[in-house]
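Below: one structure, written as structure tokens.
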There are 2 protein chains.
Amino acid sequence: MTELLWSTPQPPSRGPKPAVTLSGIAEASIRIADAEGLDAVSMQRIAAELPVTKMALYRYVPGKAELIAVMSDLAMGTPPEHPGLTWRDALHAWSTDLFQGFSKHPWLLLSTIGRRPIGPNEAAWLDRGLQALAGTALTGGEQFDSILVLSGHVRTLALQTVSMPGGSTGLTEETVTTAFATMIAADPERFPSLAAAMTSLEGSENQGFSFGLDRILDGLEVLIQTRVKRDR
Amino acid sequence: MTELLWSTPQPPSRGPKPAVTLSGIAEASIRIADAEGLDAVSMQRIAAELPVTKMALYRYVPGKAELIAVMSDLAMGTPPEHPGLTWRDALHAWSTDLFQGFSKHPWLLLSTIGRRPIGPNEAAWLDRGLQALAGTALTGGEQFDSILVLSGHVRTLALQTVSMPGGSTGLTEETVTTAFATMIAADPERFPSLAAAMTSLEGSENQGFSFGLDRILDGLEVLIQTRVKRDR
DNA sequence: CTTTATTGTGTCCGCCGGACACAGATTGGA
DNA sequence: TCCAATCTGTGTCCGGCGGACACAATAAAG
């Protein structure tokens with residue numbers, strides 16, 4: 001499975017010319033997922049976008065899971081560069097870039113869940129994140145864990161904020177929250193802290209992403225400063 | 001959809017006695033998901049565990065999505081209590097409890113993704129989290145955002161750590177990471193920071209959960225302390 | 001021109017969620 | 001007591017999914 005992600009397969013010498021390419025298949029899949037959501041990406045649907053039938057796709061890809069991996073890594077693209085920033089500003093920019101990536105392809109939030117092989121583009125994102133911390137006194141493990149926390153936060157907020165095309169039963173953000181608020185208001189003494197926090201919430205803006213990001217960066221700064229002082 | 005989660009439906013007066021109950025169905029589903037993973041939970045499979053056929057389930061539940069919501073909220077259970085702790089210790093305990101909940105039912109990580117109705121148990125968890133912050137100088141919105149960051153971290157680490165039964169192609173943690181390490185080692189100058197961080201990683205323990213948790217709590221503490229000083 | 005490797009197609013299978021008609025059970029009212 | 005209303009469970013059918021497999025068409029190497 002990892003091979004498909006990292007290798008550029010050679011065109012064979014014998015036999016008929018392939019009608020499509022692996023990257024062409026992946027691009028078609030991305031187009032579908034962007035427009036209609038990840039659930040709309042089926043082998044049939046992909047083949048309909050290309051001059052081949054469904055079964056021909058299996059000449060290029062061993063199965064659907066591998067195809068999803070390829071299209072996911074391709075859609076991630078390469079991370080933007082931000083030279084000359086402090087570690088904090090660099091991580092801030094990195095997180096924002098990642099968030100925008102998820103906004104551009106919301107289905108990536110669903111296709112990149114759990115244990116899975118990592119492709120070159122995802123590795124490049126990881127590298128850029130670690131690059132920001134390379135000058136600090138953090139150990140390699142701590143650098144990894146820091147990036148993990150940040151990426152987790154970006155994913156969490158993107159998942160909460162970004163709307164997906166074809167997202168199940170068309171539940172809007174507002175429908176869910178108002179229904180929830182109604183249930184809480186129905187008996188507030190069952191969820192006292194929740195009810196209290198919600199009443200003090202009326203008409204306030206949703207700042208979740210930057211709030212959490214600043215808290216995490218603050219926390220990292222505390223640790224990094226401690227290390228610097230100890231080194232003296 | 002919210003109704004199923006919050007209401008306790010009355011048994012009807014006329015007609016034959018129902019052979020099963022909604023909670024019985026949900027419990028059977030949980031049993032399957034625990035043992036064989038979320039993908040193994042199909043209407044057929046659930047009915048096979050109960051003295052009814054597949055179609056009878058639709059008398060109790062409008063569709064599979066709603067059933068997943070019910071079983072998810074049920075599996076979450078009620079959060080443990082930790083009276084008399086500081087906000088920091090309370091949030092630490094809350095996060096650890098949540099992590100253990102995800103460890104007990106790993107499929108919850110998959111079934112509780114994205115925009116969805118919130119049930120009473122999940123509301124209770126949220127309430128307990130907010131309760132820890134109720135005594136601080138944070139606004140309601142900040143309290144929500146803080147809990148969101150924490151829960152996101154717990155989810156991220158659980159997703160990375162916990163192994164799921166029936167998890168796709170049986171990829172072990174080790175298989176994936178060694179394959180990844182091989183690709184990075186193949187040309188280290190393509191991912192310099194990544195390669196550097198990985199070499200300094202050899203044989204070190206995985207502390208991701210507590211590391212990130214401490215950083216987030218540190219960051220929250222910075223903000224809360226600032227508020228306290230300003231209030232004076 | 002034949003051999004050989006490779007691609008694309010059509011057919012088939014099991015499984016999924018779900019719509020729908022229908023039979024059996026139970027109870028309330030006449 | 002009997003009937004009508006109401007509710008439950010079953011069987012059948014549908015479209016769509018991922019994928020196994022056999023087979024024909026194609027192109028290059030010998």
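- Nucleotide C:dT6 holds its P atom 19 Å from the CG atom of A:Leu57, rounded to whole Å.
- Salt bridge B:Glu122/B:Arg116: present, at least one basic N to carboxylate O contact under 4.0 Å.
- Residues that satisfy the side chain to side chain contact (heavy atoms under 4.5 Å, CB included) test with B:Ala75, not counting sequence neighbours, are B:Ile30, B:His105, B:Trp107, B:Leu108.
- Mapped onto DNA chain D by nearest heavy atom, A:Met55 and B:Pro51 fall at different nucleotides, with B:Pro51 at the one closer to the 5' end.
- Remark: B:Val154 engages B:Ser95, B:Leu98, B:Phe99, B:Phe102, B:Phe209 in a side chain to side chain contact (heavy atoms under 4.5 Å, CB included) (not counting sequence neighbours).
- Take B:Ala40 and apply the side chain to side chain contact (heavy atoms under 4.5 Å, CB included) test, not counting sequence neighbours, and it matches B:Ile32, B:Glu36.
- One interatomic measurement links the two molecules: CE of B:Met43 to P of C:dG14, which rounds to 23 Å at whole-angstrom precision.
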| task | Summarise protein proximity over nucleotides 24-30 of chain C in one line of letters, 5' to 3': B for base, S for sugar-phosphate only, - for none, counting protein heavy atoms closer than 4.0 Å. | result | BBBBS--
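- A donor-acceptor pair under 3.5 Å is formed between the side chain of B:Asp127 and the backbone N or O of A:Ser193.
- The distance between atom CZ of B:Arg59 and atom P of C:dG18, rounded to the nearest whole Å, is 15 Å.
- For DNA chain D, the span of nucleotides reached by chain A at under 4.0 Å from its heavy atoms goes, 5' to 3', from D:dC17 to D:dA29.
- For DNA chain C, none of the residues of residues 21-32 of chain B falls under the heavy-atom distance limit of 4.0 Å.
- The nearest whole Å value for the distance from the CG atom in B:Asp39 to the C1' atom in C:dC15 is 13 Å.
- Mapping B:Tyr60 and A:Arg45 onto DNA chain D by nearest heavy atom places B:Tyr60 at the nucleotide closer to the 5' end.
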